[in-house]
2 protein chains.
Amino acid sequence: MAWDTERTKRLLLDAATAEFSEHGLAGGRIDRIAAAAGVNKERIYQYFGKKDDLFAAVLGAQLRDSMDAVAMDGEGPEAAADYAGRLFDHHLLDGVIPRLVFWEGLERAELAVADQARAEYHHTKVERFRQMLPGLDHAGAGELLLTLVSLVNAWPVLSHLDTLMVGSPDRGEERVAARRAVLVRTIEVLARDAQERAAASA
Amino acid sequence: MAWDTERTKRLLLDAATAEFSEHGLAGGRIDRIAAAAGVNKERIYQYFGKKDDLFAAVLGAQLRDSMDAVAMDGEGPEAAADYAGRLFDHHLLDGVIPRLVFWEGLERAELAVADQARAEYHHTKVERFRQMLPGLDHAGAGELLLTLVSLVNAWPVLSHLDTLMVGSPDRGEERVAARRAVLVRTIEVLARDAQERAAASA
DNA sequence: AGCAATTCCAACTGATTGGTTGCAAAGGTT
DNA sequence: AACCTTTGCAACCAATCAGTTGGAATTGCT
């Protein structure tokens, strides 16, 4: 089974993704990652370097995947709202990205800001989002996209608040669908308002 | 200086608040807390029990404080938006609560859901919020308040995304004021929309 | 003064962790 | 077969950490 280094790397990256998503950077255990991947510990250091670098690799891969998987097309508030709904669905599949994003914000924010590739990634995303909402400038699109991303990512992480505030202990499909609808409506309303205000001040 | 046990407890709680806010539960160090408080380690176990219990005490105290400090009064979308703005200001003072809330969501969600006192706290808050927006039912108020809380708390934690997406590396006062305005406007628009929809379906 | 509770000091335990190293086995290449 | 790379195995190191314990000093109360 040797000689397939790509497979080894992928096994490690998958295991690391699950581990860091669950326990974060400080709480994530290298030994658990190696064991879950069925691969030996030293491979990690050989392929990814130190723990922190592995975390960065995990997050980078996830962001790349999500950018590919959730398309930004169409135009107008409904299209933006639809994008929010599809992003919500994609993040819900495993719930990995939202957790990773907040782990990063809490444990690694400074390093993320210094990452050139990340800056390009987000800048590109804002620009694409702006093209969906004619009339908005870059800053306006950024604000709304930040709101969108915050809401979509926060919900899986703050599921305990959802339970405590809206009160659905079971977290069944109905609750997911209900919150999804709220979110889609939220973005549609905000996008429309933003476009109207932009048009009015022009 | 002994004999003042309340002071000792408060010193420990303050130090623990800073420590857990910064590093979370897994990353927080008992030794650092004791050192920062200028108090000995064993006091922690004597007064608060294990690390996990201390974290719960920290968060409970912060939530109680914030409930007292940020009033929910007035009526209508503007009042709700004003509340969002004041909550934003209060959370920005130290940035402690947002981080604690997300640490909890990531590291302790199950325990929080099982906490009876927390359930009451949030239920009360939703009810008060509902009184600000006549026409909404409990679920509708809960959804909007969850949106509000998510946005207000996510921003300080996702400051790296703010920097990367809106692009204000310095994070000066202007940026804070700008985001605050977006947030206030967001809640006002959403509250108005929610009320209109509630009235229409009545 | 005598007593009880509070606190500090300092060492200790038992366990875990990130990261490293040396060596042998196994697969692929020439 | 000779050679190189990948991988597994297992032990190891130095550091760290949550939580405990015993004893001595300090303080307030009676």
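Naming convention: chains lettered A, B, ... in sequence-line order (proteins, then strands); numbering from 1 in each chain.
- Separating the NZ atom of A:K51 from the P atom of C:dT20 is a distance of 14 Å, rounded to the nearest angstrom.
- The CD-C1' distance, from A:E6 to D:dT5, rounds to 15 Å in whole Å.
- The aromatic ring centroids of A:W103 and A:F55 lie 6.0 Å or more from each other.
- Spacing between atom CG of A:L12 and atom P of D:dT6 amounts to 14 Å, rounded to whole angstrom units.
- Of the N and O atoms on the side chains of A:R43 and A:Q46, at least one donor lies less than 3.5 Å from an acceptor on the other residue.
- B:D31 has its CG atom 14 Å from the P atom of D:dT20, to the nearest Å.
- For A:R29, a side-chain nitrogen or oxygen approaches OP1 or OP2 of C:dG18 to under 4.0 Å.
- If A:K41 and A:Q46 are placed on DNA chain D by their nearest nucleotide, the residue sitting closer to the 5' end is A:Q46.
- Residue A:G27 is out of contact with every strand shown, counting any heavy-atom pair closer than 4.0 Å.
- Nucleotide C:dA5 holds its P atom 22 Å from the CZ atom of B:R7, rounded to whole Å.
- What you find for B:L13 and B:A61 is that their closest heavy atoms are CD2-CB, 4.0 Å.
- One can place CD1 of B:I44 at 16 Å from C1' of C:dT6, the figure rounded to the nearest angstrom.
- Salt-bridge check for A:R179 with A:D162: failed, with every basic side-chain N at 4.0 Å or more from each acidic carboxylate O.
- For D:dT7, one of the phosphate oxygens OP1 or OP2 lies less than 4.0 angstrom from a side-chain nitrogen or oxygen of A:Y47.
- For D:dT7, the OP1/OP2 oxygens have a side-chain nitrogen or oxygen of A:T8 closer than 4.0 Å.
- More than 12 heavy atoms of other residues, nucleotides or ligands sit less than 6.0 Å from atom CZ of B:R108.
- Of the two residues contacting DNA chain C, namely A:E42 and A:A26, the nearest-nucleotide position lying further toward the 5' end is that of A:A26.
- Residue-level contact check: B:R43 touches the bases, meaning some heavy atom is under 4.0 Å from a base atom.
- Note: CG (A:L54) to C1' (C:dG19) measures 13 Å, nearest angstrom.
- Distances shown here put every side-chain N or O of B:N40 at or beyond 4.0 Å from the OP1 or OP2 atom of C:dT7.
- Rounded to a whole Å, the NZ atom of A:K9 is 12 Å from the C1' atom of D:dT6.
- Residue A:G49 is classed as having no contact, given no heavy-atom separation below 4.0 Å to the nucleic acid.
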